[in-house]
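See structure below.
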There are 2 protein chains.
Amino acid sequence: MKKKIITLKDLAKRLNISPSTASRALNDHPDISIETKQKVKDLARNLNYVPNLFAKGFRSHRSNILGVIVPNITHYFTTTLIRGILEEANLQGYKVIISESNNDVKKQTEMLNTMLQFGVDGVLMSISKMTKDVDDILKVLNTVPLILFDKASNKIPCTQVVINEEEAAFNAVEHLINIGKKRIAIIKETEYSFTSEKRYHGYLRALKENNIPLDNKIVLSVEDISMHQGKRMTNILLSLKEKPDAIFAITDSAAIGVIKTLKKLSIKIPEDIAVVGFSNSTNSQIIEPKLTTIDQPGQKIGSTAVKQIIEEINSTNQINVNKTIEIKTNLIIRDSSFKI
Amino acid sequence: MKKKIITLKDLAKRLNISPSTASRALNDHPDISIETKQKVKDLARNLNYVPNLFAKGFRSHRSNILGVIVPNITHYFTTTLIRGILEEANLQGYKVIISESNNDVKKQTEMLNTMLQFGVDGVLMSISKMTKDVDDILKVLNTVPLILFDKASNKIPCTQVVINEEEAAFNAVEHLINIGKKRIAIIKETEYSFTSEKRYHGYLRALKENNIPLDNKIVLSVEDISMHQGKRMTNILLSLKEKPDAIFAITDSAAIGVIKTLKKLSIKIPEDIAVVGFSNSTNSQIIEPKLTTIDQPGQKIGSTAVKQIIEEINSTNQINVNKTIEIKTNLIIRDSSFKI
DNA sequence: CTGAAAGCGCTTACAG
DNA sequence: CTGAAAGCGCTTACAG
């Protein structure tokens, strides 16, 4: 039993008014009298009238759909970003189409294009690492507002919503210095990763401001940061003549690899070597000792990005907004860097 | 610089044919000559013609958008489901709108309704626990195909894509029996959780087939299963006169709570008490000893659900499909139940 | 304060 | 094999 779908025309006919009036009444157009508005709205409610968003969107060139592209949806932090996006979008009457780029630049471009084809009103993107050529992304900017969140790039002139990467890393490293560590290694990614570079700058600044000389032997870069790489890098660090007394890994998974390796070798954490990660993943509380790490407020980043893009969608002036919104992070101190 | 958008009419005008013909050519209508088709397709490619899916959808009552509702997007397993859904949808030219119900039945209904309003061609849903009243869900069935995946319910007559919950639990418990355990406790949810009940039946069957008597003192039910509850329940079990020699928790997080508590009390795992979880979450490999658990192929469930719903969307007969597709799981044996 | 009419971009039954 | 015409449900400039 298919139920009959109520249209604007149906409402109008029942009330002996024109569809134009019915439309305007529902949209609170100032021209319409209060009584008419009331009548129309009441009937709409009673008949359970549902506006056909397709017709609406088709007519007004608005879909009320946002596109979201992320590299990898299975990362816990990514899901908190998405949660923030979904919640805020829902509040504002938008729906969200999600795609994964799998850190594949070609797929990223493809996703971007099908998003546009589906008529999204704006795109929120966390860019794939290794995105060197940004031309395809720049093209989008002519069509629809774009906002980069979390994984951003200063090569793209659009609003960016990110965490204070540099400061977060600075705080993490300074914390290690404060507990008495003097030889702090870092495990980071190669220079193609924007976030990794920013965290590295925070590391450098913390050393400099505390008069600790930089030693490139304990600055390790890997292409694909992971638990496995954390283990490998730890073994390299332990093979040095002058071993570090602390390791700052720029992701939790790498930091967990570090901890696992140290434990296997019965190296005391944090006494011999302290460990700090980045992300406050769920794993960071499961590992023992629990991992000191940076909490990134994913939900807030997501909701901020949505608020921002809706503003840009509704703004009439076409000037490309090009600002960076930085969300504050929190250092969470746990057992891997602090003995109770 | 807004770029001019190419429409079907533009294509037609350039080729001196009618828009109708252009439309048919692009859609490979059998009536159209091969040469015309070729001409139109070539021009479309050259001009970078992008069909307006809004107009298309508006006209044909098809959006090529699927709605997905899950209780909680931050669970790792849920993200693997979503990944499977996204991949298969992408292959088939569909986009996916995602919403979270947060295990809130009211929100679930609300999401369901806005999904329909956005003109989705079908809905894939993992239902919120505590969904007792299914009337609102049943209403959807009149409008658009619905498929339940992972968290399903036999009260709703539609296709269900689930894992072999009962058998998975059976295998887990039988494994414990095989390694010599005789007094196996279970930590499950209350009877409102469909999956929990099925896993419980697997537990019961494993006991029965191995002639182990059921003891209700070691069958514990909680409303909201979690690591915290795992800890609490473990303490209850340890306070019994006859302690269990194995604990089967129906989620990994609860199992991790069990392990943490046992370790704190220096109870040997698995010698004194073996532990088995369910899900193969990332955490299950971080905890030490590593957790024996059930791997659920999330991606396969997701892709299967998409294949199924697209079939139903395209099928002309309106008979409500009401079949259950069971996806096989795998018991992953790790240190929490097996000493190397 | 309200209505008639046009049109958004496409598809499809009808006609030839 | 192709075209003219209608229409999907809505909004909005124009007219009164």
Side-chain angles (χ1 to χ4, degrees), chain A residues 2-41 43-44 47-65 93 116-119 121 143 314 316, chain B residues 2-41 43-44 47-65 93 116-119 121 143 314 316:
Chain A
K2 277 269 190 240
K3 67 176 155 188
K4 166 113 177 65
I5 287 171
I6 304 289
T7 70
L8 251 194
K9 230 201 287 181
D10 296 331
L11 293 185
K13 203 180 291 170
R14 295 217 188 199
L15 294 171
N16 275 321
I17 59 176
S18 74
S20 334
T21 305
S23 166
R24 283 189 273 246
L26 252 16
N27 291 314
D28 263 329
H29 191 101
D31 273 2
I32 304 297
S33 73
I34 305 200
E35 303 83 62
T36 309
K37 279 184 189 170
Q38 209 43 256
K39 263 196 323 194
V40 179
K41 286 181 183 176
L43 184 66
L47 264 50
N48 205 2
Y49 166 70
V50 176
N52 178 329
L53 290 190
F54 258 93
K56 212 166 169 169
F58 174 43
R59 185 63 236 264
S60 59
H61 295 282
R62 281 287 184 88
S63 63
N64 275 27
I65 296 178
L116 296 182
Q117 198 175 127
F118 270 81
D121 290 343
T143 321
N314 291 330
T316 37
Chain B
K2 277 271 189 240
K3 67 176 156 188
K4 166 114 178 65
I5 286 171
I6 305 288
T7 68
L8 251 194
K9 229 202 283 185
D10 296 332
L11 293 184
K13 203 180 290 171
R14 296 217 190 198
L15 294 170
N16 275 320
I17 59 176
S18 73
S20 334
T21 304
S23 165
R24 283 189 273 246
L26 252 18
N27 291 314
D28 263 330
H29 191 102
D31 273 2
I32 305 296
S33 73
I34 305 199
E35 303 84 62
T36 310
K37 279 183 189 171
Q38 209 42 256
K39 265 196 324 197
V40 178
K41 286 181 183 175
L43 185 66
L47 265 51
N48 205 3
Y49 166 70
V50 176
N52 179 328
L53 290 190
F54 258 93
K56 213 166 167 167
F58 174 42
R59 184 63 235 264
S60 59
H61 295 282
R62 280 287 183 89
S63 62
N64 274 27
I65 296 178
L116 296 182
Q117 196 174 130
F118 270 81
D121 290 343
T143 321
N314 292 330
T316 38

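Letters go in sequence order (proteins before strands), and every chain restarts at 1.
With distances taken from any side-chain atom of A/Ser18 to the nucleotides D/dT2, C/dG3, D/dT12, the minimum falls on C/dG3. In the set D/dC10, C/dG3, C/dA13, the nucleotide with an atom closest to the side chain of A/Asn52 is D/dC10. Listed nucleotides C/dT2, D/dA4, D/dC10 differ in distance to A/Ser33; the shortest reach to its side chain belongs to C/dT2. Considering only the side chain of A/Ala55, D/dG9 comes nearest among D/dA4, D/dG9, C/dG9. Residue A/Ser20 has its side chain nearest to C/dA5 when only C/dT12, D/dC14, C/dA5 are considered.
Residue A/Ser23 places no side-chain N or O under 4.0 Å from the OP1 or OP2 atom of D/dC10. For the OP1/OP2 pair of C/dG9 and a distance below 4.0 Å, the side-chain nitrogens and oxygens of B/Tyr49 include no atom meeting the criterion.
Taking atom CD1 on A/Ile17 and atom C1' on C/dC1, their separation rounds to 12 Å, with Å as the unit. Nucleotide C/dC1 holds its P atom 13 Å from the CZ atom of A/Arg24, rounded to whole Å. Atom NZ of B/Lys13 is separated from atom P of D/dG3 by 15 Å (rounded to the nearest Å). One can place CG of A/Asn16 at 13 Å from P of C/dT2, the figure rounded to the nearest angstrom. Put simply, CG on A/Leu8 is 18 Å from P on C/dA5, counting in whole angstrom units. Distance A/Lys9 NZ to C/dG3 P: 16 Å, rounded to the nearest Å. Residue B/Asn27 contributes atom CG, which lies 17 Å from atom P of C/dG9 at whole-angstrom precision. Atom CG of B/Asp31 and atom P of C/dC14 are 14 Å apart (whole Å).
Figure legend. C/dC1 is base-paired to D/dG16; pairs are counted as Watson-Crick or G-U wobble with both atom distances under 3.5 Å.
Between B/Asp10 and B/Leu47, the closest side-chain pair of non-hydrogen atoms is not below 4.5 Å. Residues B/Ile6 and B/Val50 form no side-chain contact, since every pair of their non-hydrogen atoms from C-beta on lies 4.5 Å or further apart. Between B/Leu15 and B/Leu43 the shortest side-chain heavy-atom distance falls below 4.5 Å.
Heavy-atom distances to DNA chain D give each of A/Lys56 and B/Ile32 a nearest nucleotide, and the one nearer the 5′ end belongs to B/Ile32. Each of A/Pro30 and A/Pro19 has a nearest nucleotide on DNA chain C; the 5'-most of these lies closest to A/Pro30.
Spacing between C/dT12 and C/dG16 at atom C1', rounded to whole Å, works out to 16 Å.
Side chain of B/Asn52 to backbone of B/Thr7: no donor-acceptor contact under 3.5 angstrom is found. Checked by atom type and distance alone, the side chain of B/Lys56 never pairs as donor or acceptor with a backbone atom of B/Arg62 at under 3.5 Å.
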